[in-house]
Amino acid sequence: MSDMELYEGPLNVKEIFGRWLDEEAESNYGAYIPFVGTIREEEGIEALSFDIYEPILRQWFEAWQAKAAERGAKVKMAHSIGDVPVHTSSYISAVFSPRRRVALELIEEFVEDFKANAPIWKYDVIDGKRIYAADRSTPMEGAGILGIGNEERGI
Amino acid sequence: MSDMELYEGPLNVKEIFGRWLDEEAESNYGAYIPFVGTIREEEGIEALSFDIYEPILRQWFEAWQAKAAERGAKVKMAHSIGDVPVHTSSYISAVFSPRRRVALELIEEFVEDFKANAPIWKYDVIDGKRIYAADRSTPMEGAGILGIGNEERGI
Amino acid sequence: MVKVEFLGPIAREPMEVKAESLAELSKRLYDEETIRPWLEKCAVAINDVMVKDPNHPLKDGDRVSILPPVCGG
Amino acid sequence: MVKVEFLGPIAREPMEVKAESLAELSKRLYDEETIRPWLEKCAVAINDVMVKDPNHPLKDGDRVSILPPVCGG
């Protein structure tokens, strides 16, 4: 198991939480902080839906594994692909660390960087139709290099 | 269930995590962050042991429930009383919140304030003996008012 | 008389003390060698309410809890 | 020729383009009305490696991925 798990549809949160707990039961970590993201019922959506570009997500995650290891910690994550109905969960990130300070700092950095830079696209599902969540999406780090080129050439 | 749970001995982490998830399954929270504290094997201890003064802990927790509610969030906690062997868990705090920012901020504040001000005393258990963890313990907010009195009177 | 109880690691049975304020109680406790080293590190609750004022008055029947340094988690 | 693929919500089939740098590719893409509005908000990977240099060279057979704004979680 690579510590990064992708599933079609909603996550089995209890299974994942419990398995991760068991996997690290003898690792002597003092702190385990999972972040569980659940689909909120709002603005008439019936589900959210997700596209993922796995090769880049895997690189992003591996960079985070290295960053966590430097601080004596470990990260794991699970995410859904496709439709995830309201009140079910699409996302779990977790940090294991010997001490609480590092765990508390890392879970925040990990979740925020995930939101900003993981190659995942979100859609509202309303009346069975997928609508890209443009207003909630943010350009990735390094975005704009195709646009900048145009400006420089005076187009 | 009061959202504050005390147990003799180690916590059943999976049961507690899963039950809290179920309790809030329809509450429309988008973020659930538990912090799980596990006893590390170090310096020859076989367990940690805990004393709790429940009336003051309950007040501390109720103040936190109010603080969380002001921000649209909910807190829960579970803690062990007595001996908790290494590699088992003594502590879970959790935050539920509509949005991730509040959840990430609150879990950090909640856990740090818990460490600083919850009326819980920790002992190393070595060769069956309980030794107060004096060097890891911190005076509670407002500590010293008995000492200050002495100074003022020039004793 | 007030009842004083010592929480957590302070190895001391509860005691009955005559004192009309925390400051006065503090003076009494200072005389006890097993208690003295704890005093400046301890917080205080009266009838299970944390107090911050060293001159807090005490009345007959009050229950004073002495809370040494904590470490939960 | 390089292969250009559009990820997530950009409703566009992959295309083959002749271009020797990202800057040159950018000019080609700019001519396509369905793609133009996305360009300044997108990040770019070449053969699954994120790139930051607008003048990054391209070679025959490269696979260029166009990544629009993201929102995981």
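First the proteins, then the strands, lettered A, B, ... as listed; each starts at 1.
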Peer 1: Checking C:Met50 against B:Glu141 for the side chain to side chain contact (heavy atoms under 4.5 Å, CB included) test, could you report, in this order, the C-alpha distance in whole Å, the side-chain angles of both residues, the deciding distance, and whether it holds?
Peer 2: CA-CA 9 Å; C:Met50 301 296 292; B:Glu141 213 176 297; over 6 Å; no
Peer 1: What part of B:Tyr123 is in contact with chain C, defined as an atom under 4.5 angstrom from a non-hydrogen atom: side chain, backbone, both or neither?
Peer 2: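 The answer is the side chain of B:Tyr123.
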Peer 1: Heavy atoms under 4.5 Å from chain B: which residues of residues 66-73 of chain C carry them?
Peer 2: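 Contacts with chain B: C:Ile66, C:Leu67, C:Pro68, C:Pro69, C:Val70, C:Cys71, C:Gly72, C:Gly73.
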Peer 1: Assess whether atom CD of C:Glu16 is packed by more than 12 heavy atoms of other residues, nucleotides or ligands within 6.0 Å.
Peer 2: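 Yes, because the 6.0 Å sphere around CD of C:Glu16 holds more than 12 heavy atoms from other groups.
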Peer 1: For B:Glu109, is the CD atom crowded, meaning more than 12 foreign heavy atoms sit under 6.0 Å from it?
Peer 2: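 Enclosed.
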Peer 1: Under a 4.5 Å heavy-atom cut-off, does chain C meet the side chain of B:Thr138, its backbone, both or neither?
Peer 2: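 For B:Thr138, backbone and side chain are both near chain C.
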Peer 1: Sort out for me which of B:Tyr91, B:Phe114, B:Phe50, B:Tyr132 touches chain C most, counting heavy-atom pairs under 4.5 Å.
Peer 2: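 Highest number of pairs under 4.5 Å: B:Tyr132.
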Peer 1: Could you have a look at B:Arg130, B:Arg136, B:Lys122 and say which one has the most heavy-atom pairs with chain C under 4.5 angstrom?
Peer 2: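 Max contact count across the listed options: B:Lys122.
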Peer 1: Output, in order, the C-alpha distance, side-chain angles, deciding distance and verdict of side chain to side chain contact (heavy atoms under 4.5 Å, CB included) for B:Leu146 and C:Val44.
Peer 2: CA-CA 8 Å; B:Leu146 295 172; C:Val44 174; 3.6 Å; yes
Peer 1: To check you understand the geometry: which heavy-atom pair defines the closest contact between B:Tyr53 and C:Ser65, and what is its length?
Peer 2: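 Shortest heavy-atom contact: OH-OG, 3.8 Å.
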Peer 1: Less than 4.5 Å to any heavy atom of chain C: does that hold for the side chain of B:Ala134, its backbone, both, or neither?
Peer 2: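 When you check distances to chain C, no heavy atom of B:Ala134 falls under 4.5 Å.
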Peer 1: Would one find more than 12 heavy atoms of other residues, nucleotides or ligands at under 6.0 Å from atom CG of B:Asp22?
Peer 2: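 Counting other residues, nucleotides and ligands, CG of B:Asp22 exceeds 12 neighbours.
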Peer 1: Name the region of B:Ala133, side chain, backbone, both or neither, that has any atom closer than 4.5 Å to a heavy atom of chain C.
Peer 2: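 Contact with chain C is absent: no heavy atom of B:Ala133 under 4.5 Å.
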Peer 1: Looking at every non-hydrogen atom in both residues, tell me the closest pair between B:Ile145 and C:Leu22 and how far apart they are.
Peer 2: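 Shortest heavy-atom separation between B:Ile145 and C:Leu22 comes out as CD1-CD1, 3.5 Å.
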